Undergrad: 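Structure in C-alpha cells, see below.
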Amino acid sequence: MEPWLDGRRVGRAYGWFDPGELFVLEKIEIDPGQRSRGYGSAVIEQLRQKAREKGCREFVIQNVRSTNRRAISLYEAMGAKAVQTSAQLYSFVIAPP
C-alpha cells in the first residue's frame with residue numbers, strides 16, 4: 001500500500017494477509033518530510049479495515065526497534081500490545097484488528 005498526497009507517493013507499507021487469521025505489517029515507511037502528519041496512522045487504519053474484511057483475528061506489526069519511541073507511542077495509542085521478539089525488537093499485536 002502506498003499513501004499519496006497531491007498525486008505524489010509519500011510512503012510505503014509492506015505486509016501480508018493470512019485470511020481468517022492475521023495480517024502482518026512488516027514495514028511502514030513515511031518520507032521524512034511527511035512524518036507527523038497522520039499518514040502512517042491512516043495507512044494502518046486502512047490495513048486494519050482490510051484485515052477485518054478478511055476475517056483476521058489479529059493485526060501484527062513486526063520488527064519495531066525499541067528505540068523507535070514515536071512508532072511505539074502510535075501503536076500503543078491504537079491499542080497494540082508489545083511482544084518482545086529479541087533484545088532490541090518488538091512486535092505489536094492488535095486483537096481484534
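Just so it is clear, the model here is predicted, and its values are computed rather than measured.
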Undergrad: Test your reading of the model: is there a side-chain donor-acceptor pair from N68 to the backbone of A71, 3.5 Å cut-off?
TA: yes
Undergrad: Applying side-chain contact (heavy atoms from CB on, under 4.5 Å), name anything that partners Q62, two or more places apart in sequence or on another chain.
TA: V24, E26, V60, S91
Undergrad: So do K50 and F23 actually touch side chain to side chain, heavy atoms under 4.5 Å?
TA: no
Undergrad: Rounded to the nearest 0.5 Å, what separation is found between the CZ atom of F59 and the CD atom of E45?
TA: 8.5 Å
Undergrad: Evaluate Q49 against E53 for side chain to side chain donor-acceptor pair (under 3.5 Å), listing each step before the verdict.
TA: CA-CA 6 Å; Q49 178 59 38; E53 290 168 5; 3.2 Å; yes
Undergrad: How long is the gap from CG on L25 to CH2 on W16, to the nearest 0.5 Å?
TA: 11.5 Å
Undergrad: Nearest 0.5 Å, what's the CZ-CD distance between R69 and E76?
TA: 6.5 Å
Undergrad: Above 12 or not: heavy atoms from other molecules or residues under 6.0 Å from CZ of R65?
TA: no
Undergrad: Looking only at heavy atoms, what is the nearest atom pair of I94 and A80, with distance?
TA: CG1-CB, 3.5 Å
Undergrad: Same hydrophobic cluster for L22 and L47, using side-chain heavy-atom links shorter than 4.5 Å among ILVMFWY?
TA: no
Undergrad: Of all the heavy-atom pairs spanning S66 and I72, show the shortest one and how long it is.
TA: O-CD1, 3.7 Å
Undergrad: Heavy-atom distance under 4.5 Å between the side chains of S41 and M78, does that happen here?
TA: yes
Undergrad: Rounded to the nearest 0.5 Å, what separation is found between the CD1 atom of I61 and the NZ atom of K27?
TA: 15.0 Å
Undergrad: Name all residues meeting the salt bridge (Lys or Arg N to Asp or Glu O under 4.0 Å) criterion together with K54; count only those two or more places apart in sequence or in a different chain, and write none if there are none.
TA: none
Undergrad: Tell me, please, which residues at least two apart from F92 pass ring pair (Phe, Tyr, Trp, His ring centres under 6.0 Å).
TA: Y75
Undergrad: Between R48 and P97, is there a donor-acceptor pair closer than 3.5 Å when you use the side chain of the first and the backbone of the second?
TA: yes
Undergrad: Tell me, do I44 and L74 make a side-chain contact under 4.5 Å, heavy atoms counted?
TA: yes
Undergrad: Starting at CG of L89, measure out to CD of Q84 and round the result to the nearest 0.5 Å.
TA: 9.0 Å
Undergrad: If hydrophobic clusters are built from ILVMFWY residues whose side chains come within less than 4.5 Å, do V93 and Y90 share one?
TA: no
